[in-house]
Number of protein chains: 2
Amino acid sequence: MRADARRNYERLLTEAGAAFGEKGTEASLEDIAKAAGVGVGTLYRHFPTRQDLILAVLRDRFEAMAATARDLTCDDPGRALREWLLAQLHHITATRGLTAELAVAVNNPESPLHGQCEALFSVSHDLLGRAKETGAVRPDLTQADLATIVHGIAWACESDPVRQERLLDLFLEGVLV
Amino acid sequence: MRADARRNYERLLTEAGAAFGEKGTEASLEDIAKAAGVGVGTLYRHFPTRQDLILAVLRDRFEAMAATARDLTCDDPGRALREWLLAQLHHITATRGLTAELAVAVNNPESPLHGQCEALFSVSHDLLGRAKETGAVRPDLTQADLATIVHGIAWACESDPVRQERLLDLFLEGVLV
DNA sequence: AAATATACGGAGGCTGCCTCCGCTTACGCA
DNA sequence: TGCGTAAGCGGAGGCAGCCTCCGTATATTT
């Protein structure tokens with residue numbers, strides 16, 4: 001890849017991330033191109049469809065999430081699981097405007113991003129397995145349950161991390177007495 | 001209102017409901033007008049903005065929801081609450097494509113639809129109050145918690161009622177052992 | 001320095017949004 | 001029954017964003 005091409009690619013990715021965060025996935029691609037200082041043609045060559053651009057932005061974010069997962073150093077499996085779910089909530093919120101796309105990727109094996117999810121799934125799987133072994137969580141709980149509820153909560157109070165945490169805890173502890 | 005105007009209004013509402021259900025809130029308004037057998041001008045006169053049309057469709061759905069609420073006849077307050085939440089899930093799912101709008105209405109007091117929500121809130125409030133009195137649910141639970149989590153779940157598995165029910169039950173019973 | 005492969009960018013065709021205004025029609029009144 | 005008019009109708013047209021296409025510019029190679 002030529003140097004100028006790489007430079008434009010990076011700038012487009014940065015601007016797209018900002019634009020999607022501000023205006024959601026419907027942000028004008030022409031504006032993104034303009035912000036990156038290139039013509040629309042260049043944008044479309046690098047990212048033939050809006051979807052491609054969204055996916056490229058998300059790919060970046062997955063890295064960060066996976067890094068967080070590796071850094072989890074909590075001994076108590078129950079707590080570790082909670083920490084991990086909370087970290088996911090923060091990441092999803094930081095990816096504002098792309099929550100819906102993320103949820104699709106997580107729930108739909110057809111998604112081109114599903115592969116990226118696998119890495120995160122295996123983290124969840126491990127944490128969940130350990131938590132089950134120690135009897136910290138109910139044995140019928142699945143990793144898919146967790147992924148879905150986390151996205152649901154992130155989406156339902158996108159801009160309010162305090163409520164997110166509260167709902168997560170309600171989910172973990174239960175509502176019925 | 002003239003008879004023809006009323007007729008067109010109704011048809012537009014019907015077609016809009018169908019279109020939004022199929023294609024989401026981004027459905028083409030020109031197509032909706034065509035489907036209703038009127039020109040776009042007529043559509044825009046009745047519903048000056050897309051938002052107005054969406055809100056009008058939702059208003060209809062709220063009726064149905066309120067009716068369901070009135071029909072709840074379960075003695076055990078804990079069960080009654082669960083039934084009500086489940087009924088809400090079904091209604092929200094039936095309003096496919098408008099879930100996001102609904103969530104906004106519920107969470108944002110500024111929304112023109114917020115008034116419609118009040119009726120439902122009072123039902124929730126009553127059921128929740130009774131459940132708390134009998135000690136069926138934790139006392140710090142709020143009606144807003146319920147509204148938000150129900151929308152989150154409905155959104156996160158929009159097309160899978162079975163998973164919705166499962167997640168609701170996980171939420172009610174809790175995950176930690 | 002020349003050759004060439006690669007990338008750039010914006011004009012242009014298309015679709016959908018929304019407005020505006022001349023045409024049509026339902027309805028009340030004689 | 002027939003007429004006048006307020007109310008309603010509908011689509012042409014201007015605008016914005018999407019995406020394609022291809023002539024021009026430039027990085028890289030020899």
Side-chain angles (χ1 to χ4, degrees), chain A residues 1-60 96-101 104 111-113, chain B residues 1-60 96-101 104 111-113:
Chain A
M1 195 181 213
R2 245 166 66 171
D4 53 347
R6 154 126 275 129
R7 214 167 28 240
N8 285 336
Y9 183 93
E10 299 295 352
R11 289 207 60 187
L12 281 167
L13 219 46
T14 308
E15 295 300 334
F20 289 152
E22 266 172 54
K23 307 178 199 166
T25 23
E26 298 308 310
S28 157
L29 297 188
E30 312 217 318
D31 286 351
I32 291 174
K34 201 176 294 175
V38 304
V40 268
T42 300
L43 186 153
Y44 279 99
R45 192 162 345 88
H46 286 304
F47 310 99
T49 69
R50 176 183 294 273
Q51 196 67 3
D52 291 326
L53 183 51
I54 293 171
L55 295 186
V57 171
L58 282 180
R59 230 182 296 273
D60 269 15
R96 226 182 222 287
L98 269 53
T99 311
E101 283 302 326
V104 170
S111 163
L113 266 183
Chain B
M1 194 182 216
R2 245 164 69 172
D4 52 347
R6 152 127 274 128
R7 214 167 27 241
N8 285 336
Y9 183 93
E10 299 295 351
R11 288 207 61 187
L12 281 168
L13 220 47
T14 307
E15 294 301 334
F20 290 150
E22 266 172 53
K23 307 177 198 168
T25 23
E26 298 309 308
S28 158
L29 298 187
E30 311 217 318
D31 286 352
I32 291 174
K34 203 176 293 174
V38 305
V40 265
T42 301
L43 186 153
Y44 280 98
R45 192 160 345 88
H46 286 303
F47 309 100
T49 70
R50 178 182 292 271
Q51 195 67 1
D52 290 326
L53 183 51
I54 292 172
L55 295 185
V57 171
L58 283 179
R59 231 182 296 273
D60 269 16
R96 224 182 223 288
L98 270 54
T99 311
E101 283 302 326
V104 170
S111 163
L113 265 182

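Lettering follows sequence order; numbering is per chain, from 1.
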Worksheet item: 5' to 3' on DNA chain C, which nucleotides open and close the contacts with chain A (atom under 4.0 Å from a heavy atom)?
Response: dA5(C) to dA11(C)
Item to complete: Check the distance between dC19(D)'s C1' and R45(A)'s CZ and give it to me in whole angstrom.
Response: 13 Å
Discussion item. Please check: side-chain N/O of R50(B) versus main-chain N/O of S28(B), any donor-acceptor pairing under 3.5 Å?
Written reply: no
Practice prompt. Determine, step by step, whether D31(B) and K23(B) satisfy the side chain to side chain contact (heavy atoms under 4.5 Å, CB included) criterion, reporting the C-alpha distance in whole Å, the side-chain angles of both residues, the deciding distance to 0.1 Å, and the verdict.
Written response: CA-CA 11 Å; D31(B) 286 352; K23(B) 307 177 198 168; 4.2 Å; yes
Discussion item. Just the rounded figure in Å: distance from C1' of dG10(D) to CG of L12(B).
Written reply: 12 Å
Discussion item. For F47(A), run the side-chain contact (heavy atoms from CB on, under 4.5 Å) check against L55(A), T42(A), L53(A) and tell me which one passes.
Written reply: L53(A)
Discussion item. Under 4.0 Å, heavy atom to any atom of DNA chain C: which of residues 20-32 of chain B qualify?
Written reply: A27(B), S28(B), L29(B), E30(B)
Worksheet entry | Rounded distance [0.5 Å steps], CZ in F20(B) versus CG in L58(B) | 9.0 Å
Fill in: Atom pair distance, as rounded to whole Å: CZ in R2(A) and C1' in dT29(D)
12 Å
Fill in: Residues E10(A) and R6(A) bridged, charged N to O under 4.0 Å
yes
Discussion item. Does dG8(D) have its OP1 or OP2 closer than 4.0 Å to a side-chain nitrogen or oxygen of N8(B)?
Written reply: no
Discussion item. Does V40(A) reach a base, just sugar-phosphate, or nothing at all? Heavy atoms under 4.0 Å.
Written reply: base
Worksheet item: How close or far is atom P of dG17(D) from atom OH of Y44(A), stated in whole angstroms?
Response: 11 Å
